[in-house]
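Computed from heavy atoms alone, side chains included, the values below leave out hydrogens, waters and symmetry copies. No experiment lies behind these values; they were computed from the predicted model shown.
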Amino acid sequence: MPESVRLSAWVHGYVQGVGFRWWTRSRALALGLVGHATNARDGRVHVVAEGPRPACEMLLDLLRSGDTPGRVDLVVESWEPARGDLSGFEER
């Protein structure tokens with residue numbers, strides 16, 4: 001079984017008020033990930049996802065694909081071991 005990891009991605013661009021968090025949740029659930037997508041006060045969206053590294057990498061690729069609602073200008077990622085404290089995938 002692949003190693004479980006936690007992806008934290010800050011998504012910059014026009015990503016609030018366009019269905020971006022809903023779209024991210026849908027893709028994450030299809031990949032079997034848990035976590036959340038949260039609007040930040042500065043206009044970014046913070047995506048936290050846990051699961052097998054290949055699935056998290058696929059979500060990251062989707063966030064950068066240019067096929068998202070709105071417009072993604074930049075995605076800043078960080079990785080750490082999974083904490084196991086998440087369930088489901090929420091829009092916050």
Side-chain angles (χ1 to χ4, degrees):
M1 185 164 156
E3 169 194 12
S4 211
V5 296
R6 179 178 283 222
L7 165 66
S8 175
W10 287 95
V11 184
H12 302 247
Y14 178 59
V15 290
Q16 290 191 11
V18 294
F20 185 85
R21 289 176 302 143
W22 177 88
W23 180 91
T24 301
R25 179 182 180 272
S26 172
R27 298 321 182 268
L29 289 172
L31 291 166
L33 300 172
V34 296
H36 55 85
T38 307
N39 282 342
R41 291 181 186 212
D42 62 6
R44 297 178 296 169
V45 169
H46 185 210
V47 177
V48 175
E50 277 193 8
R53 184 160 187 125
C56 286
E57 289 173 347
M58 289 176 70
L59 179 62
L60 185 60
D61 289 345
L62 288 167
L63 294 175
R64 290 181 168 146
S65 71
D67 201 23
T68 65
R71 184 193 73 248
V72 173
D73 296 331
L74 175 69
V75 180
V76 179
E77 69 187 90
S78 63
W79 297 89
E80 62 183 83
R83 297 180 193 168
D85 59 350
L86 301 169
S87 63
F89 201 98
E90 300 177 357
E91 295 174 56
R92 295 182 179 170

Open item on the list: Quick check: is Val48 connected to Val5 through a chain of hydrophobic side chains (ILVMFWY, heavy atoms under 4.5 Å apart)?
Closed with: no

Heavy-atom distance under 4.5 Å between the side chains of His36 and Leu86, does that happen here? yes

Heavy-atom closest pair (Ala37 atom, Phe89 atom, distance to 0.1 Å) is N-CE2, 3.8 Å

Closest non-hydrogen contact found for Ala49 with Cys56 is O-SG, 3.9 Å

Practice task
Check step by step if side-chain contact (heavy atoms from CB on, under 4.5 Å) holds for Val15 and Val72.
Solution key: CA-CA 7 Å; Val15 290; Val72 173; 4.0 Å; yes

Residue set satisfying salt bridge (Lys or Arg N to Asp or Glu O under 4.0 Å) with Asp61, at least two apart, ordered chain then number -> none

Hits for salt bridge (Lys or Arg N to Asp or Glu O under 4.0 Å) against Asp67, two or more places apart or cross-chain, chain-then-number order -> none

Residues passing the salt bridge (Lys or Arg N to Asp or Glu O under 4.0 Å) test with Glu90, sequence neighbours excluded, are Arg92

> If two hydrophobic side chains count as joined below 4.5 Å and joins carry through other members, does Leu60 share a cluster with Val47?
Replying inline: yes

Are Met58 and Leu31 close enough that some pair of their side-chain heavy atoms sits under 4.5 Å apart?
-> yes

Glu50 side chain to Leu33 backbone, donor-acceptor under 3.5 Å:
no

In short, Ala9 meets Leu63 closest at the heavy-atom pair CB-CD1, 4.2 Å

Hits for salt bridge (Lys or Arg N to Asp or Glu O under 4.0 Å) against Arg27, two or more places apart or cross-chain, chain-then-number order -> none

Taken to the nearest 0.5 Å, the spacing of Glu57 CD from Leu59 CG works out to 11.0 Å

- Trp10 and Val75: side-chain contact (heavy atoms from CB on, under 4.5 Å), yes or no, with the steps? CA-CA 6 Å; Trp10 287 95; Val75 180; over 6 Å; no

For His46 and Ser8, the nearest pair of non-hydrogen atoms, with its separation, is NE2-OG, 2.7 Å

Trp79 meets the ring-ring contact (aromatic ring centres under 6.0 Å, His included) criterion, sequence neighbours left out, with none

Residue pairs meeting side chain to side chain donor-acceptor pair (under 3.5 Å), one or both in residues 12-26, sequence neighbours left out, come to Arg21-Asn39

Query raised in the report: Can Glu3 and Arg53 be counted as an ion pair, charged N to O under 4.0 angstrom?
Result: no

Decide, yes or no, whether a salt bridge links Arg64 with Asp73 under the criterion of side-chain N to carboxylate O below 4.0 Å.
-> no

